[in-house]
Amino acid sequence: LKHLQSLPPEYLIQILEQTTGRPVEEELNGFDLANKIGDLRPREYHEALRSLLPEQKYQLILSLAKEQPERFQLFDADAYTKIIYNQKQKDDMVKAMAKLENEEVIKMLKQLPNDLLSIVITQIDTEPFADTLMKRYPEVLAQILAA
């Protein structure tokens with residue numbers, strides 16, 4: 001409920017009206033609206049959360065993850081890459097990737113379409129990349145030279 005308060009009040013009003021079938025007639029702030037959603041019966045509460053539009057769900061997920069970034073580990077790689085693909089320029093998504101395990105990042109990279117992967121690769125600053133490659137992975141350079 002604390003994170004529902006981070007959504008704009010008009011989203012919360014829409015959720016309440018859609019779930020209950022009754023208009024929200026009184027002026028309420030985000031705190032009061034979130035509490036009204038919290039007062040719903042469990043089934044209605046689940047319906048309310050399911051009725052969120054994708055953009056609203058993204059906002060709620062980001063709000064949850066700002067508090068504990070490791071929550072992104074709960075999503076499978078396919079779901080996460082879809083969010084990244086749809087929200088390519090979202091700084092919060094990129095920052096959250098630092099909390100992912102390397103194996104999960106590799107799985108996600110394999111699922112990126114080639115055109116998006118090529119865009120990501122071209123965004124790499126070549127000087128720090130080359131420095132890191134020379135310092136930490138000289139064997140990769142040796143393999144490249146041997147080929």
Side-chain angles (χ1 to χ4, degrees), residues 1-137 140-141 144:
L1 291 178
K2 176 175 82 172
H3 295 285
L4 277 176
Q5 294 171 28
S6 69
L7 294 176
E10 54 271 11
Y11 288 175
L12 301 175
I13 290 170
Q14 179 185 4
I15 293 167
L16 275 170
E17 290 178 348
Q18 191 171 348
T19 304
T20 63
R22 295 183 306 269
V24 176
E25 296 174 1
E26 54 191 310
E27 285 286 321
L28 298 172
N29 61 29
F31 177 80
D32 293 331
L33 290 165
N35 284 334
K36 278 195 168 287
I37 293 172
D39 291 339
L40 296 171
R41 293 189 306 255
R43 185 177 177 149
E44 290 175 325
Y45 181 76
H46 287 198
E47 284 178 35
L49 293 179
R50 279 193 225 117
S51 73
L52 290 169
L53 297 173
E55 182 62 32
Q56 297 164 345
K57 288 177 186 175
Y58 296 152
Q59 282 186 279
L60 188 59
I61 290 168
L62 286 174
S63 175
L64 287 164
K66 279 182 182 177
E67 187 176 284
Q68 293 180 335
E70 60 276 1
R71 287 181 175 164
F72 279 110
Q73 293 283 356
L74 300 173
F75 296 94
D76 85 351
D78 186 49
Y80 194 75
T81 53
K82 283 180 184 174
I83 291 173
I84 291 173
Y85 188 72
N86 291 331
Q87 306 289 324
K88 291 178 212 142
Q89 302 301 318
K90 297 288 185 181
D91 291 342
D92 291 332
M93 300 304 289
V94 175
K95 289 176 188 172
M97 286 191 72
K99 295 289 183 179
L100 295 174
E101 300 295 329
N102 287 340
E103 307 84 54
E104 294 302 317
V105 173
I106 291 169
K107 285 181 197 175
M108 290 188 302
L109 286 174
K110 288 179 181 177
Q111 294 182 24
L112 287 176
N114 286 337
D115 59 338
L116 182 58
L117 188 55
S118 64
I119 291 170
V120 170
I121 290 170
T122 61
Q123 299 300 315
I124 295 173
D125 189 348
T126 54
E127 287 187 34
F129 177 70
D131 288 342
T132 302
L133 196 58
M134 289 187 303
K135 289 177 186 171
R136 294 187 185 170
Y137 305 101
V140 173
L141 286 175
I144 292 171

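Side chains are part of it too, since the values below use all heavy atoms of this structure and drop only hydrogens, waters and symmetry mates.
Remark: Ser6 engages Ser63 in a side-chain hydrogen bond (donor to acceptor under 3.5 Å, both in side chains) (not counting sequence neighbours). Scanning for side chain to side chain contact (heavy atoms under 4.5 Å, CB included) contacts around Glu70 gives Gln68, with sequence neighbours left out. Arg50 is linked by a salt bridge (charged side-chain N to carboxylate O under 4.0 Å, His left out) to nothing, counting only residues two or more places apart in sequence or in another chain. Under the salt bridge (charged side-chain N to carboxylate O under 4.0 Å, His left out) criterion, Arg41 pairs with Glu44, sequence neighbours left out. Taking Lys2 as the reference, Glu67 meet the salt bridge (charged side-chain N to carboxylate O under 4.0 Å, His left out) condition, with sequence neighbours excluded. Glu26 is linked by a side chain to side chain contact (heavy atoms under 4.5 Å, CB included) to Leu28, Lys36, counting only residues two or more places apart in sequence or in another chain.
Summarising the geometry, atom OH belonging to Tyr11 is positioned 10.0 Å from atom CG belonging to Leu52; distances are rounded to the nearest 0.5 Å. The CG atom of Leu62 lies 8.0 Å from the CD atom of Gln59; values are rounded to the nearest 0.5 Å. With rounding to the nearest 0.5 angstrom, the NE2 atom of His3 is 8.0 Å from the CG atom of Leu60. To the nearest 0.5 Å, atom CG of residue Leu7 and atom CD1 of residue Ile13 are 12.0 Å apart. Between the CZ atom in Phe31 and the CG atom in Leu1 there is a gap of 9.0 Å [rounded to 0.5 Å]. Going from atom CG of Leu33 over to atom CD of Glu27 covers 9.5 Å, rounded to the nearest 0.5 Å.
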If you look only at distance, which donor and acceptor atoms sit under 3.5 Å apart when one is on a side chain in residues 14-25 and the other is two or more places apart or in another chain?
| unit_1 | atom_1 | unit_2 | atom_2 | d |
| --- | --- | --- | --- | --- |
| Gln14 | OE1 | Gln56 | NE2 | 3.4 |
| Glu17 | OE2 | Val24 | N | 3.0 |
| Thr19 | OG1 | Ile15 | O | 2.8 |
| Thr20 | OG1 | Leu16 | O | 2.7 |
| Thr20 | OG1 | Arg22 | N | 3.2 |
| Thr20 | OG1 | Arg22 | O | 3.4 |

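Closest approach of Leu12 to Gly30, counting heavy atoms only: CD1-O, 3.7 Å.
Contact check on Arg43 versus Glu47 returns a salt bridge, with a Lys/Arg side-chain nitrogen under 4.0 Å from an Asp/Glu carboxylate oxygen.
Within the 4.5 Å cutoff, no side-chain heavy atoms of Tyr137 are placed close to those of Leu141.
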